[in-house]
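Note on naming: letters A, B, ... go to the chains in the order of the sequence lines (proteins, then strands), and numbering restarts at 1 for each one. Side chains are part of it too, since the values below use all heavy atoms of this structure and drop only hydrogens, waters and symmetry mates. Here the structure is a predicted model, which means the values were calculated and not measured.
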Amino acid sequence: MAFQGTKINPKRFDKSQLKFYAFLVPMALFMVLPVVYIVNQAFKPLDELFMFPPRFFVLKPTLKNFIDLWRTSSTTGVPMTRYLFNSIVATTITVFASMLVTAGAAYVLSKKKFKSKNWLFSVNQIALMFVPIAVAIPRYLIIKQTGLTDNFLAHILPALAMPVGLFLVKQFMDQVPDAVIEAARLDGANDWQILIKIVIPLVKPALATVGILTFQASWNATEASSLYIADETLKNFAFYLSSLTNASNAIAGVGMAAAAGLIMFLPNLIIFILLQSKVMNTMSHSGIK
Amino acid sequence: MIVGKFNQLKSSIRRKRENGTLSDALSVFLLLLPYALMFSLFVAIPVAIAIGLSLTYFNSIQAPEFQGLLNYITLLTQDEIFLKYVLPNTFKYALLVGPGGYFLSFILAWMLAQIQSKARTVLALALYTPSMVGGVFISVVWRTLFSGSESGYINALLIQWGWITKPVQFLQDPAYLMNIMIIVGLWSAMGIGFLAMLAGILNTNEELYEAAYIDGIKNKFQEVIYITIPSMHSQMLFGAVMAIVGAFNSGWIGVALSGSNPTPQYAGQLIINHIEDYGFQRYEMGYAAAISVALLLMVWGFSKLAYRLFSDRD
């Protein structure tokens with residue numbers, strides 16, 4: 001069989017692609033249907049939620065589940081809006097701080113010359129294997145020692161050390177030619193100016209990826225609220241919803257749980273769709289050499 | 001002598017200031033500081049503490065008491081639950097969700113690369129969706145679908161089709177829990193590694209394929225083995241590491257689904273649940289730390305294997 005033109009990333013549809021669709025479409029449905037089901041569930045009125053046999057799609061959509069969720073305040077009387085506010089503030093600060101911190105460290109590891117540079121990068125690369133949950137106890141002890149218990153910073157600081165983020169930005173930054181930086185230095189720019197004015201604009205896709213990953217981690221995180229923070233008014237939205245929808249003490253019914261899940265999920269989806277091309281661009285430089 | 005050292009230092013600083021390396025060193029230090037500080041505080045030092053604590057008896061009230069390797073010995077010889085349930089469960093789950101999920105994400109990424117870009121974007125988004133939904137959503141989805149009441153969707157379907165007559169308690173029944181966990185694990189396994197491999201396949205050099213066909217490659221399978229994988233093995237390695245870490249990280253799912261730690265008859269008990277059980281329920285922090293170290297060693301071992309398979313250093 002002779003070569004029939006490249007088949008990676010084809011421009012047009014061809015009958016030979018059908019076999020791939022035959023596998024991909026069912027898989028995609030398997031991935032998406034549970035999500036679609038919960039979205040429908042969130043808008044179902046009470047009688048449809050407990051209907052037998054249950055229907056997949058909602059018949060008479062209602063916002064009642066969301067309104068109920070809004071009105072429920074936890075047993076300690078903290079309103080839902082307080083948790084939502086905490087989450088929005090913590091996530092926003094974490095995302096921007098993480099992009100800045102990562103960009104600074106990546107710039108140093110990618111473009112500066114000093115003795116322990118390679119060693120530092122390989123330490124970070126080993127930390128790609130890091131499983132945060134394994135060190136929940138030592139982290140808790142450190143948080144206690146540094147006085148961060150019941151401190152809003154407990155939501156933010158642990159999330160700033162993201163080895164995958166540094167890894168991706170550094171690999172991406174390696175593509176920026178040194179000549180660009182040399183030229184800026186000859187014009188009298190210092191490291192800070194080079195970073196802000198030249199390097200960061202060039203590595204925006206990678207930073208956007210770090211932003212998304214940090215967003216997902218921070219928005220969905222319950223660790224800080226359940227382990228480090230006892231003050232109910234400082235806990236975040238993900239924790240609140242997970243305690244409402246907990247299997248062992250389900251305060252929220254099926255419909256409210258679905259509504260809660262949907263509220264948690266939507267921001268992730270929207271941000272990913274907006275930035276997906278930047279993520280794919282970053283991922284092409286993600287290889288471990 | 002001290003004066004001599006001091007003068008030496010002074011002149012070296014002056015020299016560095018003159019040729020500009022001092023401000024250079026200072027900016028390296030300042031730019032690296034925030035990340036290095038957070039990394040040390042929340043990644044490196046915790047690992048060190050875990051190793052240290054694992055050699056002690058520590059109940060979080062009294063000071064830790066050194067007892068050598070006793071925790072590890074207990075873990076490997078006395079801890080019946082660990083040996084009988086946790087370890088086999090962890091291996092089963094991690095092997096199916098880790099390498100299994102990895103294999104699946106490679107196949108899917110490769111197939112996505114064979115179709116045109118608009119359909120690819122939509123399908124890739126669908127496949128990645130479960131990875132971004134977050135813990136709360138994952139547990140809500142699967143608890144609802146596998147709910148033990150008649151209005152649980154799966155139960156209702158099975159009753160309608162006449163396969164069962166009364167609802168099955170999927171999430172409380174040890175016979176089902178682990179399999180459901182594996183399904184959920186695979187469902188959310190198309191994470192960042194999947195995106196990396198997709199990007200890697202799309203970036204392979206087209207000329208390589210043409211050259212390979214001239215050299216006598218005959219089919220798609222040979223194309224994948226001889227061209228695609230070798231030219232993107234760095235992404236393959238990244239994907240492998242992410243898959244392994246993801247599999248171990250997603251171990252909370254059993255507790256989230258069944259609503260209890262320990263899970264019913266330890267059917268879904270994985271190593272991270274065992275850590276939480278000892279650390280935050282029994283406050284045997286020293287022992288929990290030893291289990292943590294065991295977990296980190298497992299992840300490290302699996303990753304080492306991946307490095308051996310895909311790294312171009314050796």
Side-chain angles (χ1 to χ4, degrees), chain A residues 1 3 6-10 13 17 20 23-24 28 31-32 34-35 38 50 52-54 101 104-105 107-108 112 114 127-131 133-135 137-139 142 157-158 160-161 191 216 220 238 241-242 245 247-248 254 257-258 261 264-265 268 272 279-280 283-284 286-289, chain B residues 27-28 31-32 34-35 38-39 41-43 46-47 49-50 111 113-116 123 126-127 129-130 132-137 140-141 143-145 150-151 153 156 160 195-196 199 202-203 206 209-210 213 218 234-235 237-238 241 245 248-249 259 272 279 285 288 292 295-296 299-300 303:
Chain A
M1 188 170 84
F3 182 67
T6 174
K7 291 185 201 114
I8 296 280
N9 198 3
F13 177 76
Q17 293 170 16
F20 301 121
F23 188 70
L24 285 168
M31 297 299 193
V32 168
V35 176
I38 291 303
F50 293 100
F52 182 85
V101 163
Y107 171 66
V108 167
K112 304 298 285 187
F114 58 100
L128 288 182
M129 303 172 209
F130 179 69
V131 183
I133 221 156
V135 295
I137 294 159
R139 272 191 176 186
I142 286 175
L157 295 181
L160 296 184
D191 277 316
Q216 290 178 358
N220 295 324
L241 292 182
S242 75
T245 59
S248 47
V254 201
M264 285 306 294
F265 161 61
N268 289 324
F272 185 80
V279 175
M280 290 314 288
M283 287 305 159
S284 41
S286 66
I288 300 180
K289 299 266 154 51
Chain B
S27 66
V28 165
L31 285 172
L32 203 51
Y35 184 84
M38 293 308 134
F39 184 87
L41 216 51
F42 297 110
V43 179
V47 172
I49 294 180
M111 287 190 171
Q114 317 292 319
I115 64 175
Q116 73 273 41
L123 289 172
L127 293 168
T129 296
M132 62 175 147
V133 296
V136 176
F137 193 78
V140 169
V141 169
R143 271 210 316 269
T144 314
L145 285 175
E150 276 188 350
S151 56
Y153 199 70
Q160 258 186 308
L195 298 180
L202 289 173
N203 279 350
E206 291 183 14
Y209 290 100
E210 288 170 31
Y213 273 92
K218 288 191 191 60
S234 57
Q235 265 97 8
L237 179 53
F238 179 75
V241 174
V245 173
F248 280 99
N249 251 336
I272 63 170
M285 300 270 185
S292 307
L295 166 60
L296 290 174
V299 179
W300 183 74
S303 304

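When the candidates L145(B), T129(B), I272(B) are compared by the number of heavy-atom contacts under 4.5 Å with chain A, L145(B) comes out ahead. Most heavy-atom pairs under 4.5 Å with chain B: of the set V35(A), V32(A), L241(A), this distinction falls to V35(A). Residue with the most contacts toward chain B among D191(A), V279(A), V108(A): V108(A) (heavy-atom pairs, distance under 4.5 Å). Comparing A258(A), A127(A), P138(A), A238(A) by how many heavy-atom pairs each has under 4.5 Å with chain B, the most go to P138(A). Heavy-atom pairs under 4.5 Å with chain A were tallied for W300(B), F39(B), Y35(B); the largest tally goes to Y35(B).
Only the side chain of I38(A) comes within less than 4.5 Å of a heavy atom in chain B; its backbone stays farther off. For a residue to count as touching a neighbouring chain, one of its non-hydrogen atoms must lie under 4.5 Å from one of that chain's; by this rule L295(B) touches chain A with the side chain only. Heavy atoms of V140(B) lying under 4.5 Å from chain A belong to its backbone as well as its side chain. Heavy atoms of N220(A) lying under 4.5 Å from chain B belong exclusively to its side chain. Only the side chain of L296(B) comes within contact range of chain A, judged by heavy atoms closer than 4.5 Å. When heavy atoms are compared at a cutoff of 4.5 Å, P130(B) approaches chain A solely by way of its side chain, counted from C-beta outward. With a 4.5 angstrom heavy-atom cutoff, I142(A) touches chain B only via side-chain atoms. The part of F114(A) that comes within reach of chain B is its side chain, from C-beta onward, which places non-hydrogen atoms under 4.5 angstrom from that chain.
Distance alone, capped at 3.5 Å, is enough to place a donor-acceptor pair between the Q235(B) side chain and the S284(A) backbone.
Closest approach of L127(B) to M31(A), counting heavy atoms only: CD2-CG, 3.7 Å. Of all heavy-atom pairs spanning Q116(B) and F13(A), the tightest one is NE2-CB, 3.3 Å. For P10(A) against A113(B), the heavy-atom pair with the smallest separation is CD-O, 3.6 Å. Pairing each heavy atom of G279(B) with each of I137(A), the nearest pair is CA-CD1, 3.7 Å. Here the closest heavy-atom approach between residue M283(A) and residue A196(B) is recorded as CB-CA, 3.7 Å. For F23(A) against M111(B), the heavy-atom pair with the smallest separation is CD2-SD, 3.3 Å.
Contact check for L41(B) versus L157(A): no side-chain heavy atoms found under the 4.5 Å cut-off. Annotation: side chain of F248(B) is not in contact with side chain of I133(A) (no heavy-atom distance under 4.5 Å). A heavy-atom distance below 4.5 Å is found between the side chains of F130(A) and V47(B). Side-chain contact between P34(B) and L160(A) is absent, with no heavy-atom pair separated by less than 4.5 Å.
Atom CZ of residue F272(A) and atom CE of residue M132(B) lie 5.5 Å apart, to the nearest 0.5 angstrom. Residue K112(A) holds its NZ atom at 12.0 Å from CG of L32(B), rounded to the nearest 0.5 Å.
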*Take L128(A) and V245(B) through the test side-chain contact (heavy atoms from CB on, under 4.5 Å) and record every step on the way to the result.*
CA-CA 8 Å; L128(A) 288 182; V245(B) 173; over 6 Å; no
